[in-house]
Participant: 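My questions will all concern the structure given below.
Chain naming here is simple, since letters A, B, ... match the order of the sequence lines and numbering starts at 1 in each. In this text, all values refer to a predicted model and were calculated from it rather than measured experimentally.
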2 protein chains.
Amino acid sequence: MPWELPRDLDTPALVVDIDVLEANVGAMATDLAARHIALRPHVKTHKSVEIARRQRAAGATGLTVATIGEAEVFADAGFDDLFIAYPIVAGGPKADRLRALLGRAHLRVGVDSRRAAAMLGRALGPHSGLAARIELDSGQHRSGVAPAEAAVVAQACADAGIEVEGVFTHPGHAYGGPGAVAGAAEDEARVLAAGAAALAQAGFDARVRSGGSTPTVRRHLPLTDPGPRSPRARAPVVEQRPGSYVFNDRIQVALGSCTPEGVSLVVAATVVSTAQPGRFVVDAGSKALSSDRVDFLPGFGVVVGAAGRGAAGAAAEPDGPDAVVVRLSEHHGVVETARRRPDIGDVVAVVPNHVCPVVDHFDHYVVVRDGVVVDRWPVDARGRLT
Amino acid sequence: MPWELPRDLDTPALVVDIDVLEANVGAMATDLAARHIALRPHVKTHKSVEIARRQRAAGATGLTVATIGEAEVFADAGFDDLFIAYPIVAGGPKADRLRALLGRAHLRVGVDSRRAAAMLGRALGPHSGLAARIELDSGQHRSGVAPAEAAVVAQACADAGIEVEGVFTHPGHAYGGPGAVAGAAEDEARVLAAGAAALAQAGFDARVRSGGSTPTVRRHLPLTDPGPRSPRARAPVVEQRPGSYVFNDRIQVALGSCTPEGVSLVVAATVVSTAQPGRFVVDAGSKALSSDRVDFLPGFGVVVGAAGRGAAGAAAEPDGPDAVVVRLSEHHGVVETARRRPDIGDVVAVVPNHVCPVVDHFDHYVVVRDGVVVDRWPVDARGRLT
């Protein structure tokens with residue numbers, strides 16, 4: 001995947017290829033529509049109103065966000081169906097912010113404890129319009145309850161005056177490596193089906209069974225047309241919340257979520273030092289690339305191409321994916337390569353390990369088509385941590 | 001170090017204890033003054049005009065920054081002696097930005113290659129007023145040349161019309177672990193002395209020998225009073241650029257840079273899930289705590305105390321430093337503890353591994369004294385990556 005980068009970028013820069021982005025947005029929408037699965041993309045990846053609009057135009061039924069702050073940004077931009085896929089604790093200023101949001105969006109939140117349900121009820125009162133989805137643990141062992149406990153949490157929601165609309169899970173253990181994805185997808189479907197059955201048995205609505213991760217999203221068997229005789233009501237997963245698929249990244253390529261050509265985002269970085277043999281240093285460090293790493297890949301990212309901007313202005317030889325970012329300081333990325341090194345001043349494209357925290361380090365995207373800048377988009381919900 | 005946190009924080013929040021901060025600022029200034037070493041603190045740690053003003057008031061002779069963007073923010077705030085301790089490549093928009101900065105600040109930059117020197121010369125022309133410090137590698141093997149090569153780079157600066165004022169290094173290998181600090185400090189002094197000697201021998205000015213890292217800064221032997229007969233001119237290190245010391249963090253405590261009581265900053269986080277046994281989940285993940293880790297410490301941070309904000313409003317039992325943040329997702333921190341777990345809704349204090357990237361995730365500091373909010377300071381240079 002050689003990247004043609006525009007000249008005169010002020011690096012480090014977040015560069016998005018709009019054609020690849022739009023192809024990713026369209027393909028996911030088409031694939032899920034063919035399976036009769038609703039798409040509620042997670043916008044914590046891109047935090048961009050421009051990209052969310054494209055997702056909506058392609059058929060997204062609503063958005064998933066991680067925080068109340070992200071919900072506020074997208075509600076401001078006119079998105080009125082929002083799921084905060086997070087165990088929201090309605091303490092302190094968050095109670096007021098939730099109340100304000102409920103005035104302008106259909107809002108769903110995650111709940112995985114009786115205590116959080118009670119706090120939501122106290123903060124918002126009955127008939128607030130808030131809907132809850134019970135979070136299930138499908139194998140990541142982070143948050144979420146076992147299916148057998150779902151009805152207890154649902155009852156606490158009902159007691160607190162909060163409508164229960166179903167269950168959700170994030171099969172984060174899919175990120176354990178290429179060998180973990182298929183099993184995680186199975187866990188996801190199994191746990192959602194079991195949690196929904198437990199809710200239904202206790203008399204709760206379980207119409208929403210929401211899964212979501214880019215590695216697992218395409219692993220689920222296509223559903224037949226729901227039609228009148230093949231009720232969607234029995235499908236284990238009726239909604240998916242992938243996020244990373246709009247950009248993809250090095251981890252998604254390694255997990256088989258996409259081909260290398262499906263990566264729509266790179267960090268453009270300038271070579272600033274070649275003082276050490278066999279290495280070069282670029283101006284993208286941990287404050288740009290983030291320090292996220294995984295057991296099944298070395299380093300923090302790969303350099304996939306280089307465009308000259310040095311004294312001679314000559315294009316440097318593209319560096320293959322064997323040019324690995326082996327070390328990060330805050331503003332230095334140390335790249336090891338056995339190939340010819342680019343020169344100081346050359347601009348190279350870095351595919352980061354994990355794109356989501358990378359985006360959060362930047363104010364805007366440089367949007368390119370065929371290597372030419374066609375737009376700049378703000379990272380609207382950057383840093384909305386609360 | 002039990003932390004008293006204010007109530008009703010919107011978490012995650014960056015909380016600074018102003019008394020501890022001011023003690024850290026004062027002690028470093030006093031210690032270096034006693035050794036006749038100039039203090040040019042690195043503000044990439046705090047990115048805060050308020051804190052830089054306190055450093056100046058305590059005796060800092062100028063500031064160190066990591067990027068042109070940080071230099072712009074501090075120049076705007078009236079700081080007119082700035083060292084960009086980075087191998088600056090004056091390509092693209094950066095050339096214009098450097099020119100604009102030179103109009104309002106005494107500006108020094110790092111140079112570690114003939115090519116970067118030539119690019120600076122072409123971008124700025126002769127007599128621009130820019131000063132160069134030659135970067136030396138003292139053992140981190142990131143950027144910087146060996147002392148023997150310093151004169152070649154200095155000559156390239158001179159050829160490009162840029163004044164050479166000395167040498168600098170960052171002994172980043174001090175972060176290899178508690179056993180690495182003393183040796184790194186020795187390397188730092190040795191390499192600075194050798195580089196300065198090489199410059200002087202070639203006829204260049206070597207008045208600046210600038211070292212800098214919080215772990216090594218106090219390891220250098222006190223100098224005798226420079227006076228007329230004990231020339232400061234022969235000291236290996238005449239300036240230091242520590243950054244983290246204003247806040248300290250878990251790594252600094254482990255390296256012996258400070259006591260646990262010297263940590264002035266925590267991330268306040270709310271417990272959002274206790275669904276998994278032996279663990280609790282807080283709302284500070286990698287987008288707040290960063291994913292920085294080191295070989296000599298487990299996990300991503302420690303929970304050092306808890307103040308209740310739950311239903312009962314009761315203070316939770318403080319969790320000792322054995323409550324380790326063992327895993328991070330973007331908005332989830334998974335904490336393992338053998339002690340009694342805090343309740344959902346309780347607010348806990350997390351000491352992060354490495355404070356610098358943490359600060360860059362937040363818009364502002366919540367400034368407290370004795371657990372009461374006394375101010376809010378913006379993170380002025382947040383995200384100034386370019």
Participant: Let's test your reading of the structure: which of A:His361, A:Arg142, A:Arg382 forms the most heavy-atom pairs below 4.5 Å with chain B?
Facilitator: A:Arg142

Participant: Looking at B:Lys94 and A:Asp10, is any side-chain nitrogen of the basic one under 4.0 Å from a carboxylate oxygen of the acidic one?
Facilitator: yes

Participant: Give the minimum heavy-atom separation between B:Leu14 and B:Val359, together with the two atoms involved.
Facilitator: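 Taking every non-hydrogen atom into account, CD2-CA, 4.0 Å.
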
Participant: How long is the span from the OG atom in A:Ser113 to the CD atom in A:Glu135, to the nearest 0.5 Å?
Facilitator: 10.0 Å

Participant: Measure A:Gln140 against the heavy atoms of chain B and call it side chain, backbone, both or neither at under 4.5 Å.
Facilitator: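 Contact with chain B is through both the backbone and side chain of A:Gln140.
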
Participant: Measuring heavy-atom distances to chain B, does A:Ser286 have an atom under 4.5 Å in its side chain, in its backbone, in both, or in neither?
Facilitator: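 A:Ser286 touches chain B through side-chain heavy atoms alone.
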
Participant: Do you know which of A:Ser329, A:Gly285, A:Ser290 has the most heavy-atom pairs under 4.5 Å to chain B?
Facilitator: A:Ser329

Participant: Looking at A:Val334, A:Asp363, A:Asp292, A:Leu328, which makes the most heavy-atom pairs under 4.5 Å with chain B?
Facilitator: A:Asp292

Participant: So for A:Phe362, is it side chain, backbone, both, or neither that comes closer than 4.5 Å to the heavy atoms of chain B?
Facilitator: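 The side chain, not the backbone.
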
Participant: With chain B as the partner, which of A:Val281, A:Thr274, A:Asp112 has the greatest number of non-hydrogen pairs under 4.5 Å?
Facilitator: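 The answer is A:Asp112.
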
Participant: Can any side-chain N or O of A:Asp360 pair as donor or acceptor with the backbone N or O of A:Gly383 at less than 3.5 Å?
Facilitator: yes

Participant: May I ask you to name which of B:Val271, B:Asp137, B:Val145 has the most heavy-atom pairs under 4.5 Å with chain A?
Facilitator: B:Asp137

Participant: With a 4.5 angstrom heavy-atom cut-off, could you sort out which part of A:Val272 is near chain B: side chain, backbone, both or neither?
Facilitator: both

Participant: Under 6.0 Å from the ring centre and within 45 degrees of the ring axis: does the NZ or CZ of A:Arg293 meet both conditions for the six-membered ring of A:Phe300?
Facilitator: yes

Participant: I'd like to know if the side chain of B:Ser143 pairs up with that of A:Ser273 as donor and acceptor (distance under 3.5 Å, no hydrogens or angles considered).
Facilitator: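 No, because no side-chain N or O of B:Ser143 sits under 3.5 Å from a partner of the opposite role on A:Ser273.
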
Participant: Going by salt bridge (Lys or Arg N to Asp or Glu O under 4.0 Å), name the pairs with one or both residues in residues 271-288 of chain A, residues two or more places apart or in two chains.
Facilitator: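 Non-adjacent pairs meeting salt bridge (Lys or Arg N to Asp or Glu O under 4.0 Å): A:Arg279-A:Glu336, A:Lys287-A:Glu330.
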
Participant: Highest number of heavy-atom pairs under 4.5 Å with chain B: which of A:Ala116, A:Cys356, A:Ala284?
Facilitator: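 Highest number of heavy-atom pairs under 4.5 Å: A:Cys356.
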
